[in-house]
Amino acid sequence: MTSVQLPDGSIKEFESSVTVKEVAQSIGRGLAKAALWGEIDLQPVPLDHVIEGTKVPLKIVTNNKNAALEIMRHSCAHVMARAVMRIKKGSIQLAFGPTTDNGFYYDFMLEQPLTEDDFPKIEAEMAKIIELDEPFERLVEPREKAVQICADLKQEFKVEHINEGLADDETLSFYQQGEFIDLCRGPHVPSPKTIGAFKLLTIAGAYWKGDQSRQQLQRLYATAFFTQEELDKHQENQEEAKKRDHRVLGKKLGLFHIDEMVGQGLVLWTPKGAFIRQQLQDFILFHLRKQGYDQVFTPHIGKLDLYKTSGHFPYYEDSQYPAIVDRDTMAKLAEEGCTCGELSNRMSAGEVEGYLLKPMNCPHHIKIYDSQQRSYRDLPLRLAEFGTVYRWEQSGEIGGLTRVRGFTQDDAHLFVTQEQLADELIGCIKLVKIVFAAMGMEDYSVRVGKRDPNGDKYVGDPANWDLAEQACREAAETLGKPFTEEEGEAAFYGPKIDFVVKDCLGRKWQLGTVQVDYNLPERFGLSYIGADNAAHRPIMIHRAPFGSMERFIGVMIEHFAGSFPLWLAPEQARVLTVSEKSEDYGRKVEQQLISAGLRVTGDYRSEKLGAKIRDGRLDLLPYMLIVGPRDAENGTVSVRDRVEGDLGAMPLAQAIARFQQEVEQKTVRRPDEDGSDGTD
RNA sequence: GCUGCUGUAGCUCAGUGGUAGAGCACUUCAUUGGUAAUGAAGAGGUCAUGGGUUCAAGUCCCAUCAGUAGCUCCA
């Protein structure tokens with residue numbers, strides 16, 4: 001008599017001893033098919049493991065659970081590390097080898113660095129290890145013994161981790177497979193053969209414990225799946241994702257250009273991209289006016305004194321372009337034999353004045369606020385500007401439109417009273433909501449950044465912080481969408497609400513932001529006269545619904561996969577003539593559409609219609625208007641829609657009305673996921 | 001900034017130390033067609049830049065610049 005207890009508490013009884021597989025079969029055919037291994041007392045056992053006894057606590061692990069995939073991948077990481085230790089000569093220090101969303105990695109410090117040339121050898125060795133099918137054996141040791149084991153293995157990272165990271169653990173577990181033994185919490189798959197298909201991906205640098213001041217390790221990325229088909233499918237998906245990369249589409253569609261001679265991270269907006277940017281700017285401007293914002297313009301540079309007052313210089317000097325010194329001063333300094341280092345020191349000390357390319361817009365806006373006496377009746381004052389700022393980002397961080405050195409924020413600064421703060425924050429959130437809704441963008445996350453209760457870097461009255469954090473929380477709630485609250489994520493000057501989206505490769509980017517600031521009003525000594533006839537300090541809100549035009553458009557290119565909605569599309573429609581015989585009519589149609597305010601071009605080449613349609617498809621045109629002799633005779637156009645395909649002939653006026661309505665309503669229509677237009 | 005990889009025609013990419021290649025795009029000519037590629041010809045190159053090794057370098061080595069994946073950073 002054998003019985004097992006399943007995770008739901010139910011007991012299943014058997015006449016005699018049974019295998020895990022038989023238990024699975026007794027529950028259902030589907031389960032038996034999906035079963036990978038069993039787990040008894042949290043210890044994995046293979047499917048042919050024989051169960052005896054009563055009320056044996058059994059869990060059947062299947063491949064449709066992410067947990068199983070993670071366990072398998074982690075086991076694969078052990079196999080990979082073992083293979084690396086066999087292949088590479090010299091000492092090898094193991095660090096961590098966790099799983100990621102799409103695979104796993106292992107960090108090593110090697111005497112001989114890894115290169116991609118090692119991949120085939122490592123993969124072959126891994127295949128050999130898997131073929132041997134040695135189990136992962138669990139050993140539990142008291143901490144002194146554990147430290148000794150790691151020390152004997154000359155694994156200093158592990159020793160450090162036990163002593164520091166795992167200081168509270170009485171006992172520690174190891175997993176051993178053949179000659180390879182590794183400190184590891186587990187669990188592991190019962191049989192390495194469960195690892196169906198794996199592939200090494202790339203090598204990258206990583207710092208021990210993520211600390212730049214510590215040893216740099218080599219991180220070997222790989223992925224694994226239960227079957228080769230799943231691995232192939234995954235790789236195919238990754239390739240597909242790369243096709244919607246904004247850097248690829250930006251080039252293909254001619255939206256922007258980044259030129260080596262201009263400089264890293266400095267974007268040149270070509271006509272089509274500039275059009276999208278302008279259109280988005282007009283869109284947000286319309287809503288800013290409705291919400292009582294005032295537009296301002298400020299210069300791209302400002303005196304160092306301004307940024308010393310704001311605290312941005314020299315504190316953030318490393319991430320700014322160096323200051324500009326005027327010609328006369330420069331000549332004088334040169335005469336004195338002043339070196340660059342001295343110049344820098346003297347600018348920091350305030351002995352030499354210079355100009356800074358603005359790293360943010362707030363100081364300029366503050367000076368506009370402060371240019372006249374303000375009454376509480378003037379507040380809230382909302383100053384908006386599409387302000388271009390320049391930051392010296394690390395070279396390794398720059399890429400595409402998402403991280404650049406010169407970018408334009410859809411910036412605004414709100415000067416408010418404490419009583420107005422909560423409502424104004426809600427107003428800011430409303431704008432962000434309008435933006436995301438217009439884009440049909442639902443896949444974003446919201447983060448409320450609060451101060452670290454134990455931190456001491458924060459400026460301002462803790463009571464005000466409490467109020468501001470509460471106001472941020474309440475504003476975030478108006479989104480009707482879950483959000484996270486993260487302690488220690490606030491800026492030193494105030495709490496904030498951030499909006500984060502993912503790019504085509506799964507990387508996270510902050511777009512919109514709303515930040516409360518108690519610091520700058522203080523530093524600039526801002527005030528307003530209250531109803532009590534006394535001076536009071538206003539609070540500032542920094543906010544940018546897009547974040548930056550560059551990053552936002554980069555993310556939107558990927559969001560729409562280049563197929564922008566009609567109101568944003570630089571080229572809304574193209575007239576295609578069936579043959580040159582229809583060119584006159586085609587040009588007439590084109591003119592009428594342009595007169596109706598639509599952005600239309602014509603393709604009058606002596607190509608076949610099929611070729612013109614193909615080119616139009618590759619350019620991701622929302623509409624193609626095919627005109628031939630029949631249309632010329634009837635005053636029609638044959639409309640080909642990006643989403644629905646051939647719509648047939650319709651009177652020109654009807655087509656224009658359709659387009660105008662779609663533009664007016666800012667309709668977002670997505671082509672099918674597979675990229676077909678429904679007619680092919 | 002750090003680790004790995006990459007840099008060849010406008011674009012996407014081949015290229016074994018021995019004469020610089022393809023497809024697409026472009027130009028010209030022919031073709032006049034109804035929903036994803038008409039045909040032919042032509043033009044297009046300081047092989048990222050600078051050094052080095054070699055009888056000989058796109059190819060091997062070093063440096064620099066740029067791109068890229070990741071790490072670190074992001075007021």
Side-chain angles (χ1 to χ4, degrees), chain A residues 100 105 107-110 113-119 201-221 238 242 245 247-248 251-252 254 258-265 307 310-313 315-320 359-360 362-363 389 391-400 402-405 407 491-494 496 505 507 509-510 513 515 517 519-520 542 551 576-583 605-618 624-631 638-641 645-649 676-677 679-680:
Chain A
T100 62
Y105 64 79
D107 285 348
F108 306 91
M109 194 163 79
L110 306 96
L114 281 166
T115 73
E116 282 181 15
D117 294 339
D118 297 319
F119 283 11
L201 299 173
T202 179
I203 298 166
Y207 302 100
W208 170 235
K209 300 240 167 173
D211 184 344
Q212 199 174 1
S213 66
R214 307 205 61 181
Q215 297 95 320
Q216 181 154 33
L217 314 170
Q218 280 197 302
R219 177 167 295 178
L220 182 49
Y221 280 90
Q238 293 291 102
K242 279 185 196 160
D245 188 314
R247 292 164 298 192
V248 174
K251 189 176 272 186
K252 208 171 103 184
I258 297 171
D259 195 282
E260 253 190 64
M261 201 180 271
V262 176
Q264 247 190 319
Y307 299 102
S310 71
H312 294 118
F313 185 89
Y315 190 57
Y316 288 105
E317 200 178 1
D318 285 351
S319 49
Q320 293 158 2
M360 72 273 305
C362 15
V389 297
R391 298 182 187 178
W392 188 260
E393 303 287 357
Q394 295 185 77
S395 61
E397 269 309 330
I398 293 170
T402 39
R403 193 79 181 264
V404 290
R405 281 187 174 157
F407 57 96
F492 71 90
Y493 50 75
K496 59 176 181 174
L505 298 177
R507 293 174 294 202
W509 299 100
Q510 181 199 302
T513 183
Q515 309 185 355
D517 188 347
N519 178 48
L520 287 176
H542 309 250
R551 183 177 288 178
L576 311 186
T577 46
V578 171
S579 79
E580 283 172 10
K581 286 177 191 154
S582 307
E583 182 170 342
R605 295 174 301 165
S606 67
E607 289 292 340
K608 286 167 72 173
L609 181 57
K612 296 184 186 185
I613 287 173
R614 184 185 139 83
D615 289 344
R617 293 280 299 167
L618 294 176
M624 286 181 252
L625 305 170
I626 289 125
V627 294
R630 289 207 298 270
D631 296 291
S638 300
V639 180
R640 196 180 209 285
D641 173 28
D646 189 1
L647 301 179
S676 80
D677 62 7
T679 58
D680 299 338

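All of these numbers come straight from a predicted model, not from anything done at the bench. By convention in this document, chain letters (A, B, ...) are assigned in the order of the sequence lines, proteins followed by strands, and residues within each chain are numbered from 1.
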Given [options], the nucleotide with the shortest approach to the side chain of [X]:
{"X": "A/Asp646", "options": "B/U35, B/G33, B/G4", "result": "B/U35"}
{"X": "A/Glu580", "options": "B/G4, B/G1, B/U31", "result": "B/U31"}
{"X": "A/Gln394", "options": "B/A37, B/G1, B/G33", "result": "B/G1"}
{"X": "A/Gln320", "options": "B/A75, B/A36, B/G33", "result": "B/A75"}
{"X": "A/Arg403", "options": "B/A75, B/C73, B/U31", "result": "B/C73"}
{"X": "A/Met360", "options": "B/A66, B/A75, B/G70", "result": "B/A75"}
{"X": "A/Leu618", "options": "B/U38, B/A36, B/A75", "result": "B/A36"}

Output yes when at least one side-chain N/O atom of [X] is less than 4.0 Å from OP1 or OP2 of [N], else no.
{"X": "A/Ser395", "N": "B/G1", "result": "yes"}
{"X": "A/Arg640", "N": "B/A36", "result": "yes"}
{"X": "A/Gln264", "N": "B/C65", "result": "no"}
{"X": "A/Lys612", "N": "B/U35", "result": "no"}
{"X": "A/Arg507", "N": "B/G70", "result": "yes"}
{"X": "A/Lys608", "N": "B/G39", "result": "no"}

Would you classify A/Arg247 as touching base, sugar-phosphate or nothing, given that sugar-phosphate means primed atoms plus P, OP1 and OP2, and contacts are heavy atoms under 4.0 Å?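 Sugar-phosphate contact only - A/Arg247 comes under 4.0 Å of backbone atoms but never of a base.
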What contact category does A/Ala491 fall into here, base, sugar-phosphate, or nothing, at under 4.0 angstrom with non-hydrogen atoms?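 Counting heavy atoms under 4.0 Å across all strands, no contact is made by A/Ala491.
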Does A/Lys209 come within less than 4.0 Å of A/Asp211, counting only side-chain N to carboxylate O?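 Here A/Lys209 does not pair with A/Asp211 in a salt bridge, since their nearest N and O are not under 4.0 Å apart.
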Whichever of A/Trp392 and A/Pro629 has its nearest RNA chain B nucleotide further upstream toward 5':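 Whichever sits nearer the 5' end wins; that is A/Pro629.
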Quick one: on RNA chain B, does A/Ala649 or A/Ser319 contact a more 5' nucleotide (nearest heavy atom)?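 So the residue in question is A/Ala649.
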Quote, to the nearest angstrom, the C1' distance that separates B/A20 from B/A9.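 It comes out at 10 Å once rounded to the nearest Å.
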With rounding to the closest Å, how many angstrom separate the P atoms on B/G52 and B/U19?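 Between the two P atoms, the distance is 23 Å.
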Side-chain heavy-atom pair A/His542, A/Met360 within 4.5 angstrom cut-off: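 Heavy-atom side-chain distance check fails, nothing below 4.5 Å.
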Under a 4.5 Å cut-off applied to non-hydrogen side-chain atoms, are A/Ile626 and A/Ile613 in contact?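 Yes, close enough: below the 4.5 Å cut-off.
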